[in-house]
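So you know, we letter chains A, B, ... as the sequences are listed, proteins then strands, and number each from 1.
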Amino acid sequence: MPYKSDTRPLTSIVSYPERGEGGDNRYRGNCSPRLIEDLLGFFRPGEICDYMCGSGTTKAAADKLGVGSHLYDLHSGFDIMNCEIPERPEFIFWHPPYWDIVTFSDVMYKASDVQKNYGYDPRQYDLSRIPDWESFVDKMNYAMMKQFSALEKGGRMAVLMGDIKKRGVLYSMLSEIVKPGSLENIIIKAQHNCFSDQIQYSGKFIPILHEYVMIVRKDSPLLVPIIMAKKAEVDIRDMPGATWRDVVAAVLEQCSEPVTLTFLYEKIEPHKKAQANKWWKEKIRQTLQINPTYFFHDGRGMWSLNRSAA
DNA sequence: CACGCATGAGGGATACGACC
DNA sequence: GGTCGTATCCCTCATGCGTG
């Protein structure tokens, strides 16, 4: 009786406290097969492909539901960055590494075995061995687009990924992963019994207890819309939406001592805010006057920021 | 629900006395 | 005389409210 969608309708939040049968729970970083069962139960693809199948969680889920599967991994001769994808998949499940949180090659399995059986050292192609975040994201996005390109029209990719907090910095895979096609769903998946549960955190950050399943669909084969993160910097003095109060406060904020009006003029004059207003000097003076809660008047022509103001 | 009207924030423009 | 401090007026836009 395949596709028993039983009492677990798929929703935008999922939680699998007991991991269920399948896969190897000693293989760190793998997920509950129940997630994949639920995805298969909902989308009902004829087959499922997994190009980073790891310990075989996808196979366990597919077998249980009687769905055909095509499974590959770096540990058994398939390198996503360089090998051709053999199928035109209808459904891809992808559980990429969480950067370098868990190293796979030569840790979860022996590099020498792969060298012996397939003739390459898996460590050189292993995404979990990329030390810097930028190149990791680049490679991830390449692998994402490569898999998406292989999809048949109407096909889907479900990507299970998590954000990472390292030394106070958030590295968000969900933000930075490229999103080709139609972004159909983002599912929050609760994490249970993960390694970080054991760590006593020193305080100032919110422990991450969830990951995401992003589902994208390929609607048109040739022209594919994509959403991708782009880092940029804007100057508040050139920004539509920033008020005069914002601009003046921002300039004063980087000064420890009271500054002259001339200084404020110099800092603001070259920017769009000033260039858009013929009376910009007057506006600056007026702004300082009408916001006594934010701006201190330290004698004629001298101003500073009231840092205690809310 | 469309409308007319009031209100208030933000911004532009101008004027003018005080001060250096 | 030029800069600074202050007041005033007008415009636009968003929001809220009562009325028909």
Aromatic ring pairing [X]/[Y], orientation class (parallel under 30°, perpendicular over 60°, tilted between):
X	Y	answer
His75(A)	Tyr109(A)	perpendicular
Phe43(A)	Phe91(A)	tilted
Trp133(A)	Phe136(A)	tilted

[X] [atom1] - [N] [atom2] separation (whole Å):
X	N	atom1	atom2	value
Glu282(A)	dT14(B)	CD	P	10 Å
Leu264(A)	dC4(C)	CG	C1'	13 Å
Ile290(A)	dC4(C)	CD1	P	18 Å
Met302(A)	dG5(C)	CE	P	11 Å
Arg245(A)	dG11(B)	CZ	C1'	14 Å
His297(A)	dC4(C)	NE2	C1'	8 Å
Asp246(A)	dG10(B)	CG	P	9 Å
Asn291(A)	dG10(B)	CG	C1'	11 Å

Practice item. Answer with yes or no after comparing the ring centroid distance for His210(A) and Tyr212(A) against a 6.0 Å cut-off, counting only values under it. Key: yes
Exercise for review: With the side chain of Thr243(A) defined as its heavy atoms from C-beta on, choose the nearest nucleotide among dC4(C), dT14(B), dG11(B).
Suggested key: dG11(B)
Exercise for review: Please tell me which of the listed nucleotides, dA13(B), dG12(B), dG5(C), lies nearest to the side chain of Lys283(A)?
Suggested key: dG12(B)
Check your understanding: Between Lys231(A) and Glu176(A), is there a salt bridge with N-O shorter than 4.0 Å?
Key -> yes
Review point. Is Glu152(A) salt-bridged to Arg88(A), going by a charged N under 4.0 Å from an acidic O?
Key: no
Review point. Looking only at heavy atoms, what is the nearest atom pair of Asp106(A) and Ser112(A), with distance?
Key: OD1-N, 4.4 Å
Identify the pairs formed between an N or O of the protein and an N or O of nucleotides 7-14 of chain C at a distance under 3.5 Å, and give each distance.
{"residue": "dT8(C)", "atom": "O4", "partner": "Gln286(A)", "partner atom": "NE2", "Å": "3.1"}

Review point. Can you tell me if Lys64(A) uses its side chain to pair, donor with acceptor, with the backbone of Pro33(A) under 3.5 Å?
Key: no
Presence of [X] side-chain N/O under 4.0 Å of [N] phosphate oxygens OP1/OP2:
X	N	value
Trp244(A)	dG10(B)	no
Lys273(A)	dG11(B)	yes
Asn277(A)	dG11(B)	no

Protein and nucleotides 18-20 of chain B: nitrogen or oxygen contacts under 3.5 angstrom:
{"residue": "dC19(B)", "atom": "O2", "partner": "Arg300(A)", "partner atom": "NH2", "Å": "3.4"}

Review point. If Ile, Leu, Val, Met, Phe, Trp and Tyr residues are connected whenever their side-chain heavy atoms lie under 4.5 Å apart, and connections chain through other members, are Tyr125(A) and Leu71(A) in the same group?
Key: no
Practice item. Select base, sugar-phosphate, or nothing to describe what Lys281(A) touches, counting heavy atoms under 4.0 Å on all strands. Key: nothing
Practice item. Mind checking Trp280(A) for me? I need base, sugar-phosphate or nothing, with any heavy atom below 4.0 Å counting as a touch. Key: nothing
Revision key, fill the gap. Checking Met161(A), Met214(A), Met157(A) against Trp94(A) for side-chain contact (heavy atoms from CB on, under 4.5 Å), the one that qualifies is Met157(A)
